[in-house]
Amino acid sequence: MTGIGAIHSPGQAEAAESQHETLLEVKNLKMHFPIKTGVLQRVTGHVKAVDGVSFAVKKGETIGIVGESGCGKSTMGRSIIRLYEPTGGEILYNGKDIAGLPEKQLRPLIRREIQMVFQDPNASLNPRKSLGSALAEPMKAHGLYESRQERIERIEKLLDLVGLHRSVINNYPHEFSGGQRQRIGIARALVLNPELVIADEAVSALDVSVQAQIINLLEDLQEKLGLTYIFISHDLSVVRHISDRVGVMYLGKLVELSDKEALYEEPLHPYTQALLSAIPVIKKDGTEERERIVLKGDLPSPSSPPPGCIFHTRCPYKMPMCETIVPEFREAAPGRQVACHLYGEPPF
Amino acid sequence: MSAYIIRRSLMAIPLLFIITIISFAMMRMAPGDPTALMMDPMIKQENLTAYKESYGLNDNVVVQYGRWLGNMVQGNFGESLIRQGVPVKDLILARLPNTLLLMLVSTIIAFLISIPLGVYSATRRNSKTDYAITFISFLGIATPSFWIGLMLIMVLSVHLGWFPIGGVANIGEPFSIWDRLHHLILPAFVLATADMAGLTRYSRSSMLDVLRQDYIRTAKANGFRERTVIFRHGLRNALIPIITIFGLMLPSFIGGSVIIESVFAWPGIGLLFMDAAFQRDYPVIMAVVVIAAALVVIGNLLADILYAVFDPRIEY
Amino acid sequence: TPADEISDAEAATKPDGGKGGGLVLATTAAPTLFNPYYSTDTSSSTIEGFIFSGLVTVDHDFNPEGDLAESWEFSDDGLRWTFHLRENVKWHDGEPFTADDVVFSYNIPLSEDYVGPRGLPFEIIEEINKVDDYTVEFVLSEPYAPFITITAQFEVLPEHILGDVPIADLGKHKFNTKEPVGTGPFKFKEWREGEYILLDRNDDYFLGAPKLDSITYKIVPDTNTAMAQLQVGEINLAGISPEYTEMAEDLAQKGKIELSSGPSNAFEYIGYNLRNELFQDKEVRQALTHAIDKEAIIQAILGGAGTVAHGPGSPANWAFNPDMPAFDYDPEKAKQMLKEAGWEPGPDGILQKDGKKFEFVLKTTSANEIRQQIAEVAQQQWSEIGIKTTIELLEWSAYVEQTSPPNWNFDAMVAGWSIGSDPDPTWFWHSSEIENGLNYNGYSNPKVDELLSQNTQISDLEERKRVIAEADAIVAEDQPNTFIYYVEGYLAKSPNLHGPEYSSANTYYKLHEWYID
Amino acid sequence: MSTNVLEVKSLKTYFNKNKKTVRAVDGVEFSIGKGETVALVGESGCGKSMTSLSIMGLVPAPAGKIVGGEILLNGIDLVGLPEKKMYEVRGREVAMIFQEPMTSLNPVLTIGDQLSGVVMHHLKLSKKEAMKKSAEMLEIVGFADPEKTLKDYPHRLSGGMRQRVMIAMAMSCNPKLLIADEPTTALDVTIQAQVLELMKDLSRKFSTSILLITHDLGVVSELAERVIVMYAGQIVEMADSNRLFNDPLHPYTEGLIGSVPTIDGDIRRLEAIPGNVPAPGTEMPGCRFAPRCSRATSKCTESVPEMRVLPDGRSVRCVLYEEEAAQ
Amino acid sequence: MTLTEEPRLTGRPALPEEPAVAPHEPIWKLMLRKYMKNKLAVIGAVLLFLIIGAAIFAPWLAPKDPSQQVLLDKLAPPGKDYPLGADNLGRDTLSRLLFGARISLLVGFASVAGSIFIGTVVGAVAGYYGGKLDAVLMRFVDAVISFPSLFLLITLVTIFEPSIMTLIGIFAIFGWTGTARLVRGEFLSLRKSEFVLAARTLGIRNGRIIFSHILPNALGPIIVSATLGVGGVILGEAALSYLGLGIQPPTPSWGNMLQSAQNPQIMLGAWWYPLFPGLMILTTVLAFNFVGDGLRDAFDPKIED
Ligand SMILES: Nc1ncnc2c1ncn2[C@@H]1O[C@H](COP(=O)(O)OP(=O)(O)OP(=O)(O)O)[C@@H](O)[C@H]1O
Ligand SMILES: Nc1ncnc2c1ncn2[C@@H]1O[C@H](COP(=O)(O)OP(=O)(O)OP(=O)(O)O)[C@@H](O)[C@H]1O
Ligand SMILES: [Mg+2]
Ligand SMILES: [Mg+2]
Ligand code: NI
């Protein structure tokens, strides 16, 4: 949009383009945490929690990110919202790179536009703040809804929106159930009218019945408010349910990114295949028997990822080249990207 | 592991450096100098100046510090101002073994008594015994240790004559273990009391914590008897945080030795320090403070190593 | 030095009595080194007294008595002193003692290189001559009466050991701490740092082998411990400080100890800084004294162990003047006198004069409980006549530094002096001692100056006593201090220890004859 | 399934807290046959773990207590069995594995110590024999180098490996009943798959009965032959796994299944159960699920519905099926 | 976008409105409830309340002037004139205890206030900002902690005259390290907690996060350690007094009252004289410990009621 942006007035342009355009684009994002050891606590290595991830999020869609524990999902989410300073790569939000911006410049920009819903409904609320003050605080911080009355109205609207009773405005977190707390977490994420919401395991800690309530709530909110979601979860069923597109992460990298139907119908990457086959399903009459691929071994350490294809140590289809050559993350079919030598020759 | 030990030792150096600066600075803030004590009516003024000169008391402060530090690094703590001609090192070497012995024995007493008490208290949580132990530990925390010491001397030594009133051994008698123990037991016990109380509380909560752990449930589910569960599966885990506490306790422990040594006439570095402090014997004060801090640092190092030994999860 | 307790004892003279046993003493202050020319503390001096001998010593009444010197004489002008030495004396290492040792020793403080505290008493010595192996002659620059009791008491060191040591290094020589060799009744055996000093009997002692086997000089952290040890017999001889007299009497009644007592050679006082305007008026000082109930202090704080003092000196001393002007407890009179001096009660009850309040700081040291208590009583009693005092307790060395030259940073202080074996009061009251000496008050009276200058030049004791008494009376009239009491000294010993008797002059007189059964 | 290994009869385990009684397990009644795998499902806090701990005799005292009922293991009532006897039962007759493999192993003892300890304790083997047996067990649960693993400390193992050690430990004395309390909840799906396969294998090989506790209906469907659904301390439905998922009876079961998004099949709006699980200690007359039930009638709140056995062998606790059951 | 079979209503509330589970109860009430459950803590609070009250109202409660000496009544046993006896200068022990309470508590509270302030600031800065600053600050804390504090106290007290102010200053200057470590630990963990991350993503400024999010949650341990600290200082003052370095007479503090009774003559002959200051120290420190224990429970979110 840079070239065109110079021609017409920015405000209009943004409004017009954002309807169909990319809201967020992550390019080769890297987040390495130093490991300090030895006599002098020198940095002897890095945990490559996120190691070169690229994808784009369109306005209004839900992109799901799945992967096993420790593969870097949370780190990626937190890097995007700039809780970390990424080691490398670009994060283009509405075309502007926010990867290296200092906090001061982030505040007016993404601190209002991008929000996060956290995993643990107990830990993500300040136990010493009542619901009302927790929700009013960001408004004050950004100078929105200046009068007290306005703020109360806003809070009440938010409570309606997430399905909480208005009378609880003065209650403290410990007085709510897990599901209600997660609703508060969502309400807080919505206070500033964000564009993009990153939900990191937002329903994992909840009971199934409550989990369903929250998933439904998230869907309703998206519809009502036109939100864009990055939905991080290790639960493939939940991700399938809520996402439009799904990315699969393994050891800090995206190994497959694809439209939901295609991915679940016909997974390309051997890891995705194994992952899907491993999910226990409720068998009803007519449910087809699936063959289970049981992977050998455990996830390698992100501080010393294997050379070549990161998955080759556990891959049932390993070829000699996999041990040395890093497969590119490329389009293997329309709308489908995969990082695997099996799909070297497009079109597949 | 050895890298870890080296690292910890290296970390101690700037620490000791800061310590020397602080102690030296404090000394120099002092009004009055050691010659004030030698106010003999028959002293000649020029002798006084010469005397100060011979101890370098007339030099620039920084020069004095540099000289002192330089010497100390070579193991030379200078000479006492009061005890002319006696190297501070000799004074300290004569006293240190006594202090170390006292601390060692009272540490052993403290641990031997308080850990079982704490563990017992934890396993009998909310029982009458638990309450009693808790209350007694609180009493122990709240009673000044010198007071306990004085009372014990009054009753056990003066009245009943069961123990000697002070000192490390009977004078002029040949060395005997029994005699040494006889002198040691009261001061060691009293020095132990203050920390014993805290330690009991701490082992209790540490054990309670462990007893809540999943692996204890596993052990129980495997059909082990309660005793086995507590001692084989619980105790070692409960001990690990107690080791750290030992490191944290050490400064107050060494500090407490000043009081206990005063009460029991125990000729250790605490008593040496008290005398030196009253007499403004700078070299001695500084040496003792530095050595006491070094003891703390070494104690912490030991605690850390022990910690690593006890806890297989720690790998360096 | 303040609170020096040197005393004298009646010897236990039962040659046929038992023998053996160990004398166990205790001190709260560890000795520093055993060389009389370098040590200044009481503990060291005491032990030096066991190990070494001087030319003369004093008996229980401060009368000089021959020690290493068998006899002595002095010329009529008082400038030439000749000492005839004993011939059978051996050092602890077996070497014979000769005049060379005396010449060597008494020359130490006269040396250019000497770095030590003992220069002053030797300054009057012009030369020391060896006449023969057993005769020494001292030539003084002016007549000096205290020469025999002060200078000649200094112990003699072995020339054959220390003769080659440069005088400058003598103070730090290992002789002083590790291997002192003397001619005294006991030999140095062991010094356990922070614990004790152990001395063994010297079988070759020139007055006959001591009956006691050993002397153990214990180091204890405080007097409470010492008292407890005395009580259970872990130590068998101890001077009793005033706080503990009641307890000691109690123990004596129970038969655990035996107690002897007598006036000690010291007095306690509240000293005024005469540089301060408040105290420049003699009547005011007298009034201040009138306000203090000395008898009550003696009864309440000391349990009666003292005598009311009106002026300087000590009844223990031969030069004491019992007839000094007295300013007895009389608060009304005090008020009256202050009123006459222009001090009227202000609205807050505090005396005022020309808009200035009568208030001052009373300093004393935290190291002395008795003085603390005296300060508290004085504060209270002065407040009753409208004088406001603030007590400031100082740690010992800060106290010394603040009150002594060149600071004199005090309004008034509670202190005490012990007088020493010679009664010469010059140190305290002569105006020449203001600049650098012990005249902390800044007291100056021409008549006193004149009398004091005379006193050391008089060889005749009676004459000297008269001069000192006159000076003391003037000082008492001037009241630069409120003299409070003369200290009563106590000595406690185990019932089985025979020999020691309380004495302010020489506690260990005839030590070699003591014994334990 | 000739004999029942375990029969639980009207088990009641209550907690006393601040003079309030929490009925954690309130009249639970079920049985497990030899070699059978039975799943216990329900939301958090419904009393699944307490049921299992009651069987083990490990209800946290003194707050919790079994106040009534019987637990018959091979016909012997474990309730009220002296503690001494229970030592023989635990680990030997009934073994248990827990949810958190990360914390269920003692961090300061080696795997070998822990495994052989159990074997020595129950089978009275010598240390050497016990080690050998332990190594065998590790091999059975799929360790490539059991000798080395024996010397390792738990922290060096991954979660999946630890859970396999736990399984080895549980199976080492060849128990009649294995209670697995959420054995795979903390594991990643791929690792979960490994562990589930292993459990299937082992139960077949040793013909051990398994009481599987989980809230993951997929896992239930994979492993269990019979399912027991609990809600707020009570069993609300009990049926064959197949039939339960195809045709749930109780509205709660129905809601539960409807709440779970599926990996294949239609994507539809989730049929969430409104509201929350009642807080522990909430006393209410009638059906405990009634406040959240879309099909509740006034009858539901009158009295607690009985557990009814339907003609086809399924049991359910709901007024809707009273007539059906009566037939 | 989610595909659904059934058409979905838009605009309706997501789910039926739910009332709050528990009726609204302010945090402090909850904490009070938890506190009240610890019986020893309640006893401790009552004791403290009485002791502090006695200190505040000492001038009205004291039967006599605490510095009024009646030398003839020296060491009088408890009786009509002297409810708790008289000391070695004939002063009324009860009155001195009451006024001594002021001094002992003043020293305790003031120095702990000082050390808590320093400790909290240092710990908060180190814990929140981390990195090099943290490393430097913590090395310094390590150094100060490695000093056996009694050695420092003695050295300093012998250097400076032991007035009330210097004692407070010295206790404050060497008492803060524990708090600093504690606060740093709290900050380190709270800094990574999800609610702080949430505040950051909402653009709340650092200052506000520190003061309004982290500090209130770290307050529990701080208050607990402060409570225990006051007891510790009172004991410390007593220990210094034992060595003659505490609050200096005639100002009464429990420590120096105890010290002046150390004489074996008094300890054996007039047991009441050392008994009462000793009891006061014991009771007060005990009470502070009980209260600290209760506060720990009250602030601990893990302990549910
Ligand atoms: N602040 C940090 N410092 C060092 N390493 C970290 C940090 N945060 C995460 N890591 C490491 O980065 C890797 C990825 O962690 P991350 O939390 O992003 O994984 P995840 O996919 O979210 O896992 P989970 O499903 O368990 O939440 C892990 O190996 C983790 O140990
Ligand atoms: N120590 C305890 N004290 C008091 N109540 C307890 C205790 N442990 C459990 N409970 C109560 O017992 C009830 C059942 O708990 P249980 O652990 O059996 O639930 P669960 O079904 O295993 O849940 P989850 O799925 O979370 O493990 C809970 O409502 C809880 O409130
Ligand atoms: Mg995560
Ligand atoms: Mg459970
Ligand atoms: Ni544009």
Side-chain angles (χ1 to χ4, degrees), chain A residues 60-62 78 81-83 103 106-108 110-112 114-116 118-120 123-130 134 137-138 141-142 159-168 170-172 174-177 180 183 185 188-189 191-192 198 213 216-217 219-224 241-242 244, chain E residues 1-4 8-31 34 131-132 135 189-209 211-220 299-305:
Chain A
E61 78 167 339
T62 300
R78 290 177 181 193
I81 202 164
R82 282 299 317 278
L83 283 171
E103 185 66 31
L106 290 176
R107 189 169 295 123
I110 65 162
R111 292 291 175 243
R112 283 172 64 173
I114 310 181
Q115 283 308 326
M116 196 151 189
F118 292 87
Q119 166 170 5
D120 188 345
S124 61
L125 296 174
N126 185 343
R128 301 268 179 259
K129 270 197 182 318
S130 72
E137 191 183 21
H142 289 271
L159 292 180
D160 291 347
L161 207 57
V162 299
L164 286 171
H165 199 275
R166 288 182 177 194
S167 66
V168 300
N170 287 322
N171 283 28
Y172 286 87
H174 70 267
E175 295 167 293
F176 293 95
S177 71
Q180 289 172 319
R183 285 170 196 265
R188 181 181 54 189
V191 170
L192 300 174
I198 300 174
Q213 296 170 5
N216 288 344
L217 172 64
E219 286 183 337
D220 293 343
L221 289 171
Q222 181 169 49
E223 191 168 308
K224 248 187 277 181
H241 182 86
I242 202 167
D244 301 314
Chain E
M1 265 313 117
T2 315
L3 292 173
T4 47
R8 216 181 330 157
L9 295 170
T10 53
R12 61 162 186 179
L15 274 170
E17 288 181 344
E18 298 178 39
V21 206
H24 173 55
E25 181 189 37
I27 295 257
W28 66 265
K29 265 194 184 164
L30 175 74
M31 296 202 305
K34 284 198 215 166
K132 291 238 163 57
S189 69
L190 285 170
R191 178 173 74 135
K192 293 196 187 113
S193 70
E194 292 193 342
F195 69 83
V196 170
L197 292 181
R200 284 175 58 196
T201 65
L202 285 161
I204 315 286
R205 275 159 229 270
N206 278 340
R208 193 165 165 84
I209 291 182
F211 286 108
S212 153
H213 287 267
I214 300 185
L215 204 53
N217 283 288
L219 214 55
F299 277 106
D300 191 349
K302 270 185 294 186
I303 300 178
E304 281 294 324
D305 59 322

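Chain letters run A, B, ... following the sequence lines, proteins first, then strands; residues in each count from 1.
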Legend entry - Donor-acceptor contact below 3.5 Å, side chain A/Arg107 vs main chain E/Gly203: yes

Inset, instruction - Say whether, by atom type as modelled, one donor and one acceptor occur between the side chain of A/His142 and the main chain of E/Leu202 under 3.5 angstrom. - result: yes

Legend entry - Minimum heavy-atom distance between E/Phe195 and A/Asn126, given as atom pair plus value: CB-N, 3.5 Å

Legend entry - Which atoms of A/Leu83 approach chain E - backbone, side chain, both or neither, heavy atom under 4.5 Å: both

Inset, instruction - Answer with side chain, backbone, both or neither: which region of A/Ile114 has an atom nearer than 4.5 Å to a non-hydrogen atom of chain E? - result: backbone

Inset, instruction - Output the distance between atom CZ (A/Arg188) and atom OG1 (E/Thr201), rounded to the nearest 0.5 Å. - result: 7.0 Å

Legend entry - Over all atoms of both residues, closest heavy-atom pair of A/Ser124 and E/Ala198: O-CB, 4.5 Å

Inset, instruction - Can you measure from CZ (E/Arg200) to CZ (A/Arg78) and round to the nearest 0.5 angstrom? - result: 9.5 Å

Inset, instruction - Please name all residues satisfying salt bridge (charged side-chain N to carboxylate O under 4.0 Å, His left out) with E/Glu194, sequence neighbours left out, ordered by chain then number. - result: none

Inset, instruction - Would you indicate whether the side-chain heavy atoms of A/Lys129 and E/Ser212 approach each other to under 4.5 Å? - result: yes

Inset, instruction - Using a 4.5 Å cut-off on heavy atoms from C-beta on, say whether the side chain of E/Ile204 contacts that of A/Glu137. - result: yes

Legend entry - For A/Arg111, salt bridge (charged side-chain N to carboxylate O under 4.0 Å, His left out) partners two or more places apart: A/Glu103

Inset, instruction - Check whether A/Gln115 gets within reach of chain E through its side chain, its backbone, both or neither, counting any heavy atom under 4.5 Å. - result: side chain

